[in-house]
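Report on the structure given below.
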Amino acid sequence: MALSTGTFAQSSDDDEWVSVDSPSPASSSESNGSYDGSNDSEFANDEDYASAYARYKTQTTSRSEISKQRSEGFSQSVFLGARVQGGFNTFLGSNSEGWGAGWNAGAGLIIKISMFTKNFSLVPELTFNYRQYNYEKDMGVYTNKGKLNIMLFELPIMFRYTFEQYDLFAAAGLHLGLKLMGDTEFSSEANGGVFTGNSEKSTNTYVSTNMEVGLAIEGGYMITRSVHLNLRVVQSFTNLLNQGLTVEPSFTNSTLLTFYTNVGISFLF
């Protein structure tokens, strides 16, 4: 029979006997180690762990980058701003003779939304606008004079194309006007002779309608990316005169189609 015996050695520091055949205990650094992607990790040479860690880092970076790109893309495609405008207006249409140049002024909000390509955008506006129209017609012995004042919300819905290399843009679209309030006045004045008619001013003997619809075209220049200057022309195709409420004989058969031009400046944020 063969007899097997273990070999023991005494530690130099204490009296404890240690078997040569017994495995040395794992160090705390080795037992508590975790994979951190470095070469010092116990998993550094493990292809499965290395591959999984690489995928995790890639996915985390991708999600962060996608979120950043979405935020930047939205901020670059939608601009909110303010617009101020002013210009001149008159009436076209049947029996519109005598209506000369009036004026208009307004201010409001503008939104620029990029669509399809970076050069094409939808630009709706909401503007509070005041208009004044002036009427004067020589009838021989006397002269008829009138004035129409109207305050309204204007809602242009413009489709714009930008020529970036020239800092220019052109647009066209639908133009809506919603009346808030308005008033009119009318009078007849003698032309140096005897006139027996009504020389006193009468008010609201002709009335404006509550809604106006037309078309608008414009061209403009981008002073900077955020500051735009434009010239707009609007032609309405609905009668601004409310025929049902008009009692002034001079306008009973008139069709008053607004035509106006204004200059505006927009500040986008």
Side-chain angles (χ1 to χ4, degrees), residues 79-93 96 98-113 121-136 145-160 169-186 203-223 226-243 245-246 251 254-269:
F79 296 88
L80 176 64
R83 184 176 188 271
V84 293
Q85 63 184 26
F88 300 96
N89 47 254
T90 189
F91 285 127
L92 302 178
S96 61
W99 288 99
W103 60 275
N104 66 81
L109 301 176
I110 181 173
I111 302 175
K112 181 176 179 287
I113 307 170
S121 56
L122 174 66
V123 187
E125 300 175 18
L126 177 60
T127 305
F128 172 79
N129 207 36
Y130 172 81
R131 297 187 210 155
Q132 182 181 102
Y133 299 85
N134 297 310
Y135 174 81
E136 184 172 339
K145 293 183 178 181
K147 185 180 294 184
L148 186 154
N149 303 304
I150 185 171
M151 288 179 281
L152 66 166
F153 278 129
E154 293 185 346
L155 292 89
I157 304 173
M158 308 296 289
F159 296 91
R160 177 187 294 186
F169 61 88
L174 185 67
H175 191 278
L176 304 176
L178 302 176
K179 177 183 173 182
L180 296 175
M181 61 180 66
D183 60 78
T184 63
E185 60 182 47
F186 185 87
T203 58
N204 298 322
T205 55
Y206 53 102
V207 181
S208 54
T209 57
N210 293 325
M211 184 174 181
E212 184 181 59
V213 182
L215 296 175
I217 59 173
E218 70 176 24
Y221 175 71
M222 295 183 294
I223 301 173
S226 302
V227 182
H228 299 175
L229 182 68
N230 75 300
L231 175 67
R232 179 176 297 170
V233 177
V234 177
Q235 176 62 67
S236 297
F237 46 79
T238 57
N239 192 357
L240 190 63
L241 190 66
N242 189 329
Q243 295 284 8
L245 299 177
T246 296
F251 304 128
S254 296
T255 300
L256 304 182
L257 307 178
T258 294
F259 175 84
Y260 75 80
T261 302
N262 63 31
V263 175
I265 185 167
S266 302
F267 303 91
L268 301 177
F269 308 104

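As the structure is a prediction and not an experimental result, all values here were calculated from the model.
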Exercise. Are any of the side-chain heavy atoms of Leu155 and Leu174 separated by less than 4.5 Å?
Worked result: no
Exercise. Rounded to the nearest 0.5 Å, how far apart are CG of Leu240 and OG1 of Thr258?
Worked result: 4.5 Å
Table please: side-chain donor-acceptor pairs of residues 261-269 below 3.5 Å, with sequence neighbours left out.
none

Exercise. Shortest non-hydrogen contact from Asn89 to Gln132?
Worked result: ND2-O, 3.1 Å
Exercise. In Å, rounded to the nearest 0.5 Å, how long is the span from CE of Met158 to CG of Asn230?
Worked result: 8.0 Å
Problem set entry | Phe259 side, atom CZ; Phe91 side, atom CZ - distance, nearest 0.5 Å | 13.0 Å
Problem set entry | Exceeds 12 heavy-atom contacts within 6.0 angstrom, atom CZ of Phe88 | no
Exercise. Any side-chain heavy atom of Ile111 within less than 4.5 Å of one from Phe79?
Worked result: no
Exercise. Sub-3.5 Å donor-acceptor pair from the side chain of Asn242 to the main-chain atoms of Val207, do we have one?
Worked result: no
Exercise. Is there a donor-acceptor pair under 3.5 Å between the side chain of Ser236 and the backbone N or O of Thr238?
Worked result: no
Exercise. Which word best sums up how the rings of His228 and Phe169 line up, parallel for under 30°, tilted for 30 to 60°, or perpendicular for over 60°?
Worked result: tilted
Exercise. Which atom names give the shortest non-hydrogen contact between Val234 and Ala216, and what distance separates them?
Worked result: CG2-CB, 3.9 Å
Exercise. Thr184 side chain to Tyr206 main-chain N or O, any donor-acceptor pair under 3.5 Å?
Worked result: yes
For this session: For residues Trp99 and Phe251, establish whether the separation of their ring centroids is below 6.0 Å.
Result: yes
Exercise. Going from CE on Met151 to CE on Met181, what distance comes out if it is rounded to the nearest 0.5 angstrom?
Worked result: 4.5 Å
Problem set entry | Closest non-hydrogen atom pair, Ser96 against Leu256 | CB-CD2, 4.1 Å
Exercise. What is the minimum heavy-atom distance between Phe237 and Gly214, and which atoms define it?
Worked result: CE2-CA, 3.6 Å
Exercise. Going through the checks in order, is the side-chain hydrogen bond (donor to acceptor under 3.5 Å, both in side chains) test met by Thr127 and Gln85?
Worked result: CA-CA 9 Å; Thr127 305; Gln85 63 184 26; 4.8 Å; no
Problem set entry | Exercise: identify the closest heavy-atom pair between His175 and Pro156 | CD2-CG, 3.8 Å
Problem set entry | Ile150 side, atom CD1; Asn104 side, atom CG - distance, nearest 0.5 Å | 11.5 Å
Exercise. Does Glu212 pair with Lys179 as a salt bridge, N-O distance under 4.0 Å?
Worked result: no
Exercise. Is Arg83 paired with Glu154 through a side-chain N to carboxylate O contact shorter than 4.0 Å?
Worked result: no
Seminar exercise, completed: Tightest non-hydrogen contact, residues Leu148 and Ser208, listed as CD1-CB, 4.5 Å
Exercise. Hey, mind stepping through Asn204 and Asp183 against side chain to side chain contact (heavy atoms under 4.5 Å, CB included) and telling me if it holds?
Worked result: CA-CA 6 Å; Asn204 298 322; Asp183 60 78; 3.6 Å; yes
Exercise. Do Leu178 and Leu152 have side chains that get closer than 4.5 Å, going by heavy atoms?
Worked result: no
For this session: Answer yes or no: is there a side-chain heavy-atom contact under 4.5 Å between Phe186 and Tyr135?
Result: yes
For this session: Assign the ring pair Tyr130 / Trp103 to parallel, tilted or perpendicular, where the plane angle (0 to 90°) is split at 30° and 60°.
Result: tilted
For this session: Could you tell me the separation between the CD1 atom of Ile217 and the CD atom of Gln235, rounded to the nearest 0.5 Å?
Result: 10.5 Å
Problem set entry | Within-4.5 Å side-chain heavy-atom neighbours: Tyr133 and Thr90 | no
